[in-house]
*Asks:* 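Mind looking over this structure? Questions follow.
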Amino acid sequence: MTKKILLCVPVLVVTVFLTLQAGAQSGTLAATPPMGWNSWNHFAGKVTDADVRAAADALVSSGMRDAGYIYVNIDDTWEGQRDAQGVIHTNSKFPDMKALADYVHSKGLKLGIYSSPGPKTCAGYPGSYGHEEQDAKTYAAWGIDYLKYDSCSFGDIMRRESGGDREKAFEIQKAAYKKMHDALVATGRPIVFSMCQYGWFHTWEWGPEVGGNLWRTTGDINDHYARMAAIGFSQAGLAKFAGPGHWNDPDMLEVGNGGMTNDEYRTHMTLWVILAAPLLAGNDLSKMTPETLALLTNKEVVAVDQDPLGKQGDRAWAEGPSEIWTKPLSGGATAIGMFNRADSDEPVTLDLKAVGVDEHARLRDLWKGQEVEATDGKYTVLIPKHGAVLLKASGQENQISENCSRPMSEHLGLPCTPIKTARMQLPPQGSR
Ligand code: GLA
């Protein structure tokens with residue numbers, strides 16, 4: 001009997017190990033949208049090892065790490081040449097990737113890297129084409145935790161091999177992403193898989209099938225309101241494709257890069273958190289203004305993005321340049337983004353019923369950190385040009401569970417009532 005048990009133990013251990021390995025890219029990986037920093041939007045091709053270390057230092061000293069920004073992602077231009085065995089090496093800007101990973105990990109952060117399924121990356125550096133397994137192994141050996149895999153020159157291969165047949169091209173594209181995902185899984189190291197092929201073939205419909213934890217839905221963002229707004233507001237209808245472990249990615253943040261006003265950056269953040277978008281800061285973290293830091297780290301705002309329910313929001317109402325978007329949150333609450341896309345300050349009215357929210361809901365302005373009041377189920381606010389307001393509506397049920405003391409109600413033989421009624425009925429604590 002004991003002998004049998006002893007024989008079973010190693011089998012069990014191996015089974016558990018293999019199961020964990022097989023699921024290395026799924027399960028809790030990216031259970032909420034990934035947060036961190038990426039080098040491209042500010043540093044582009046100039047990024048160096050020193051910049052990445054400085055970003056890691058700043059994530060810690062600014063409090064961003066503790067606000068959830070944990071991935072430090074090196075984008076394109078780290079790549080050197082392949083050796084005679086085909087192993088990829090870094091270029092002179094990154095003398096020792098393993099040492100860099102150790103440094104980033106020592107700060108309680110994770111390191112991300114970038115490659116392409118094509119022979120060349122978008123900036124013309126070596127991609128992973130024909131070296132997928134080898135590259136995945138190299139990344140795992142370095143201690144990489146996140147891979148952004150950018151189609152770039154693979155587009156040419158896809159066009160050539162498909163002979164212009166759309167269906168064939170689609171299959172070729174899918175297979176290329178699956179190949180790298182399988183290679184990452186085979187390493188046994190959990191590595192977030194970020195697909196970047198600009199939404200070709202409606203990526204959101206098949207991204208999870210090939211192991212994507214997130215996928216770009218559009219072409220590149222830049223640091224101008226018009227482009228950010230065009231991308232952000234075009235995400236309507238994609239909500240049903242996102243969820244824990246697999247997210248739509250409308251591209252990285254430009255907050256703090258200088259091309260937009262503070263109100264426009266507030267719109268950028270508001271829209272991105274409503275979209276449950278990955279929050280990858282793209283500014284120079286070592287030279288951040290307090291305003292930029294406040295926009296990136298507002299706790300209540302970030303909590304909307306990271307809500308454990310994992311639901312993406314969608315447009316609920318629009319009239320001219322005014323838009324209202326809603327995002328379901330855990331506990332029956334709703335995040336409500338109110339946007340003024342006009343070139344002048346405008347009043348925007350939220351009609352709670354019209355956007356499917358209980359008209360008696362408690363409202364909180366998350367950027368201001370203040371409760372606000374609706375009148376007859378309507379809330380009007382003057383929003384600056386290109387600006388936004390982010391509210392959290394907590395419905396009746398939510399008020400009861402948060403604000404009613406059940407034992408006390410039961411003791412007094414009262415029904416458990418919402419806060420407004422409860423305040424009227426029960427005397428404040430300590431009074432006679
Ligand atoms: C593409 C991507 C960008 C960036 C660059 C790097 O344009 O969409 O996010 O990674 O390549 O070359």
Side-chain angles (χ1 to χ4, degrees), residues 30 33-49 51-52 55 69 71-81 88 90-91 93-94 97 111-129 135 139 144-159 173 176-177 180 191-204 207 212-224 227-228 230-232 234-235 238 247-257 259 268 272 275 277-285:
M35 291 177 67
W37 171 85
N38 174 293
S39 59
W40 188 255
N41 285 352
H42 177 80
F43 292 94
K46 294 198 186 95
V47 67
T48 64
D49 175 285
D51 297 326
V52 175
Y69 292 84
Y71 287 99
V72 179
N73 292 349
I74 307 167
D75 209 278
D76 205 351
T77 80
W78 63 266
E79 308 87 342
Q81 294 309 312
I88 187 85
T90 52
N91 61 41
K93 297 192 296 155
F94 290 88
M97 196 60 90
L111 188 65
I113 211 163
Y114 168 101
S115 190
S116 170
K120 293 264 180 240
T121 68
C122 291
Y125 288 72
S128 294
Y129 186 64
D135 285 359
Y139 304 152
I144 298 295
D145 307 294
Y146 185 118
L147 172 67
K148 173 173 168 183
Y149 207 43
D150 192 350
S151 191
C152 304
S153 64
F154 191 76
D156 300 335
I157 293 181
M158 189 179 72
R159 277 182 284 274
Q173 175 81 184
Y177 277 85
M180 181 49 102
I191 299 178
V192 170
F193 189 41
S194 159
M195 298 170 59
C196 178
Q197 38 78 271
Y198 339 109
W200 287 345
F201 307 106
H202 291 181
T203 326
W204 41 92
N213 294 117
L214 59 154
W215 47 80
R216 282 271 297 278
T217 52
T218 69
D220 289 12
I221 197 168
N222 62 38
D223 193 18
H224 295 283
R227 180 64 184 153
M228 179 280 291
I231 289 181
S234 74
Q235 303 298 295
L238 296 185
W247 307 100
N248 290 306
D249 174 10
D251 209 354
M252 304 168 295
L253 298 171
E254 292 282 3
V255 177
N257 277 334
H268 190 4
W272 261 236
L275 293 171
L279 298 180
L280 296 168
N283 55 318
D284 182 354
L285 302 178

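The structure displayed is predicted, hence computed values, not measured ones. We count ligands from 1, going down the list as the structure has it; atoms in each ligand are counted the same way. Position 1 is the first residue of the sequence, and the numbers go up from there.
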*Asks:* Quick one: salt bridge (charged side-chain N to carboxylate O under 4.0 Å, His left out) pairs with a partner in residues 111-127, sequence neighbours left out?
*Replies:* none
*Asks:* Go through the side-chain N and O atoms of Asp150 and Tyr114 and say whether any donor and acceptor fall under 3.5 Å apart.
*Replies:* yes
*Asks:* Collect the protein residues that have a non-hydrogen atom under 4.0 Å from ligand 1 and hand them over in chain and number order.
*Replies:* Trp40, Asp75, Asp76, Tyr114, Cys122, Ala123, Lys148, Asp150, Cys196, Tyr198, Arg216, Asp220, Met252
*Asks:* Could you check whether Asp135 and Tyr129, counting side-chain N and O atoms only, form a donor-acceptor pair closer than 3.5 Å?
*Replies:* no
*Asks:* Mind listing the closest non-hydrogen atom pair of Tyr198 and Ser151 along with its distance?
*Replies:* OH-N, 3.9 Å
*Asks:* Would you tell me whether Asn248 and Trp215 have side-chain atoms, one donor and one acceptor, within less than 3.5 Å of each other?
*Replies:* yes
*Asks:* Give a yes or no on whether the backbone of Asn283 and the side-chain of Trp37 come within a donor-acceptor separation of less than 3.5 Å.
*Replies:* yes
